[in-house]
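It should be emphasised that the depicted structure is a prediction, and the values quoted were computed from it without experimental measurement. Position 1 is the first residue of the sequence, and the numbers go up from there.
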Amino acid sequence: MSALSRRIFLGMLAPAAPGFGQGMASRGVKPAVRGKPSGLPFHAHFTDVAAQAGLKTAVIAGHQFRADYIFETMSCGIAFLDYDNDGWLDILMLCGSRFGDPPEDASNRLYKNNRDGTFSDVTRQAGLWRRGFAQGVTVGDYNNDGFEDIFITYYGQNVLYRNNGDGTFTDVTKEAGLLSAMPRLGAGCTFVDYDRDGRLDLFVSNYADFDINVVPRSGDPSCNHSDVFCGPFGLPYGKHSLYHNNGDGSFTDVTAAAGIDKVSGGYGLTAVAADFDNDGWPDILLACDSTPSRLFRYNRDGTFREEGFESGIALSDDGQVQAGMGVGIGDLRLDGALDIIKTHFSGDTPAVLVNNGKGSFEDSTIRSGLAVETRYISWGVGIQDLDNDGNPDIFCVTGGIYPELDARTGFPPNKTPRVLFRNLGNGHFEELLSEAGPGIESPHISRGCAFGDFDNDGDVDVVIVNHYEPPSLLRNDISGSNHWIKVKLTGVKSNRSAIGARVTARYLGKVHVQEVLGQCSYLSVNDRRLHFGLGSAATVDLEVRWPLGLVEKFAGISADRLVFITEGSGITHTQEFPAAAAAPVRLKT
């Protein structure tokens with residue numbers, strides 16, 4: 001029996017648990033033996049500057065010392081976005097609530113970047129104040145007016161906010177045809193132009209068919225373990241949805257017509273749309289908790305086929321389901337193909353899934369060196385070059401889900417540190433335990449995280465959701481002389497956000513590919529500007545493949561600058577960093 005056949009067979013043997021069970025999938029994997037540290041210097045250093053930056057509002061996610069229902073502890077994502085087009089990253093922090101006594105001030109928060117290292121809370125004046133159980137977010141210009149719009153999933157009713165271009169947003173969910181007749185437990189979501197018509201469509205995952213009147217509350221004896229919340233086992237699977245953009249501000253539900261509903265949903269979480277098989281058309285990856293993860297391949301005729309098992313991403317290498325939560329996408333081996341990092345429960349390793357360039361994946365977790373870490377429940381994750389040495393690193397956040405147990409016994413701990421694996425080259429990584437600064441070592445109950453350069457100084461910073469605390473804002477301060485380049489794309493015939501565009505950077509004999517994504521990490525959104533560390537290279541060759549197929553090439557671009565590229569017009573201008581706090585530049589047409 002082949003390795004693939006064995007994995008599919010073992011996955012089919014896994015029965016659904018009767019009744020209401022507990023816990024996300026943990027395989028009880030023993031960590032690999034840590035090797036001798038390389039001793040190489042790491043030039044990135046992270047400090048949490050959230051307090052001085054003005055990020056002072058805590059994220060609510062259930063009661064502080066108990067979770068009544070599973071979606072309270074799952075919590076939410078976060079986004080870096082430039083909602084006012086001034087060239088500086090703002091922050092959209094999602095927030096949950098709690099049953100019984102929902103806090104009055106529990107709302108999503110929009111923080112405007114003041115361009116001096118601080119942020120201002122502009123939530124109410126922007127029209128984004130909303131209480132409820134927010135889960136995931138995707139950001140994109142669905143109406144192609146030059147301003148980024150926001151879609152947020154909730155327990156209950158998802159919401160589409162149209163950016164008005166004047167610093168405010170309008171809830172257009174009803175007008176857009178996105179109201180749901182029944183409450184849903186929305187989770188992952190991503191804008192994606194799946195049919196390449198130049199307009200952003202929308203894929204939405206639903207974690208479970210969750211009826212608050214049926215599912216027992218935490219402490220109910222009908223759960224297998226009556227001292228913590230019920231689920232996910234025993235909960236009916238959620239049904240995932242695909243909405244086609246009609247071009248007039250509205251969407252049509254094409255879930256059935258596209259074949260998305262032919263697949264048993266699973267407990268869907270983070271959704272990522274990217275071209276994994278290099279055929280020029282986007283696929284949709286869905287990380288699923290305690291059920292096989294899914295990969296929807298586009299058939300180029302309006303329909304999809306699901307190939308999670310065939311591609312090698314559905315199960316672990318030994319054929320077991322995993323608690324798929326966060327997804328990092330990047331070119332780990334610098335071979336021009338998009339690889340995957342998928343985060344899981346404690347007692348399991350992350351999954352390092354290496355792409356053969358045609359959309360088939362090999363589990364390289366042990367060979368990569370990531371199998372040494374099994375201690376934490378891991379959530380948001382990214383593949384980012386944190387030290388600008390030209391080799392992308394791996395960063396993830398962690399945090400517990402059982403506040404009741406932590407309060408009584410201290411085990412398992414709810415607050416746990418961040419995890420960073422530096423890239424040693426040739427597909428090998430080593431975990432840095434204390435070398436990257438206090439922002440990495442500090443323990444928190446974290447969920448979503450987003451990557452971007454909030455202070456425009458040429459490196460990658462991280463913003464992180466923390467339960468019952470304000471978010472963390474990890475400022476990256478790089479030492480040394482490594483170079484970098486950033487690329488900001490604007491579509492013309494393609495969608496204005498350039499979601500689905502692919503940039504290939506060539507430097508020092510390396511080939512590094514990235515795509516503009518609508519969602520990744522854990523239910524979160526990264527800086528739309530693609531960042532490439534270049535090491536000692538002072539110039540770089542760039543190739544852009546736009547979503548509608550146009551390919552443009554640019555040779556000998558000088559490093560240490562942000563390059564603006566418009567579809568069909570080439571490089572329109574560049575900007576060197578550190579950037580001055582200039583007046584906003586509006587793009588509305």
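- A side-chain donor-acceptor contact under 3.5 Å links N114 and S120.
- Neither side chain, R294 nor S205, offers a donor N or O lying under 3.5 Å from an acceptor on the other.
- Between the side chains of T270 and Q519, no donor N or O sits under 3.5 Å from an acceptor N or O.
- Considering only heavy atoms from C-beta on, D141 comes within 4.5 Å of D149 through its side chain.
- Shown here for T123 and N108, the closest heavy-atom pair between the two residues is CG2-O, 3.1 Å.
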### Task
Take L160 and F151 through the test side-chain contact (heavy atoms from CB on, under 4.5 Å) and record every step on the way to the result.
CA-CA 4 Å; L160 175 64; F151 181 83; 4.0 Å; yes

#### Entry: Verdict with reasoning, Y83 to E148, per side-chain contact (heavy atoms from CB on, under 4.5 Å)
CA-CA 6 Å; Y83 80 95; E148 300 276 47; 5.8 Å; no

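- Inspection of the S497 and N495 side chains reveals no N or O donor paired with an N or O acceptor under 3.5 Å.
- A salt bridge links R545 to D275: one of the charged nitrogens lies within less than 4.0 Å of a carboxylate oxygen.
- If you check the side chains of N456 and R529, you find a donor sitting under 3.5 Å from an acceptor.
- The ring pair (Phe, Tyr, Trp, His ring centres under 6.0 Å) with Y207 is formed by just one residue from the set Y267, F133, Y155; it is Y267.
- Using the six-membered ring where Trp is involved, H240 and F203 have ring planes that are tilted, between 30° and 60° apart.
- Separating the CG atom in L94 from the OG atom in S524 is a distance of 7.5 Å, to the nearest 0.5 Å.
- Taking every heavy atom of both residues into account, A208 and L185 meet most closely at O-CB, 3.5 Å.
- Of the candidates K56, K112, R109, D121 forms a salt bridge (charged side-chain N to carboxylate O under 4.0 Å, His left out) with just one, namely R109.
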### Task
With ring-ring contact (aromatic ring centres under 6.0 Å, His included) as the test, would you mind laying out the steps for Y507 and F532 before giving the verdict?
CA-CA 10 Å; Y507 53 93; F532 297 86; 7.4 Å; no

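- Closest heavy-atom contact between A106 and I60: CB-CG1, 3.9 Å.
- The structure places CG of L332 at 10.0 Å from CG of D393, a figure rounded to the nearest 0.5 Å.
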### Task
Begin with the C-alpha distance, continue with both residues' side-chain angles, and end with the deciding distance and a verdict on side-chain contact (heavy atoms from CB on, under 4.5 Å) for I150 and V137.
CA-CA 7 Å; I150 299 169; V137 60; 4.0 Å; yes

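- In this structure, Y161 and F169 have perpendicular ring planes: the angle between them is above 60°, well past the 30° mark.
- The aromatic rings of F451 and F395 lie perpendicular to each other, with more than 60° between the two planes, well past the 30° mark.
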### Query
For V511 and L334, what are the C-alpha separation, side-chain angles and deciding distance, and is it a side-chain contact (heavy atoms from CB on, under 4.5 Å)?
CA-CA 5 Å; V511 180; L334 301 180; 5.8 Å; no

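- Between R162 and E175, none of the side-chain N atoms (NZ, or NE/NH1/NH2) sits under 4.0 Å from a carboxylate O, so this pair counts as no salt bridge.
- Residues H531 and D453 bring no donor and acceptor atom of their side chains to less than 3.5 Å of each other.
- Of the candidates T539, N388, D560, D560 is the only one forming a side-chain hydrogen bond (donor to acceptor under 3.5 Å, both in side chains) with H483.
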### Message
Please determine whether salt bridge (Lys or Arg N to Asp or Glu O under 4.0 Å) holds for the pair D279 and R300, giving the CA-CA distance in whole Å, both sets of side-chain angles, and the decisive distance to 0.1 Å.
### Response
CA-CA 10 Å; D279 68 349; R300 308 189 196 184; 3.6 Å; yes

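- Proximity of V463 to Y111: side-chain heavy atoms (C-beta onward) are nowhere separated by under 4.5 Å.
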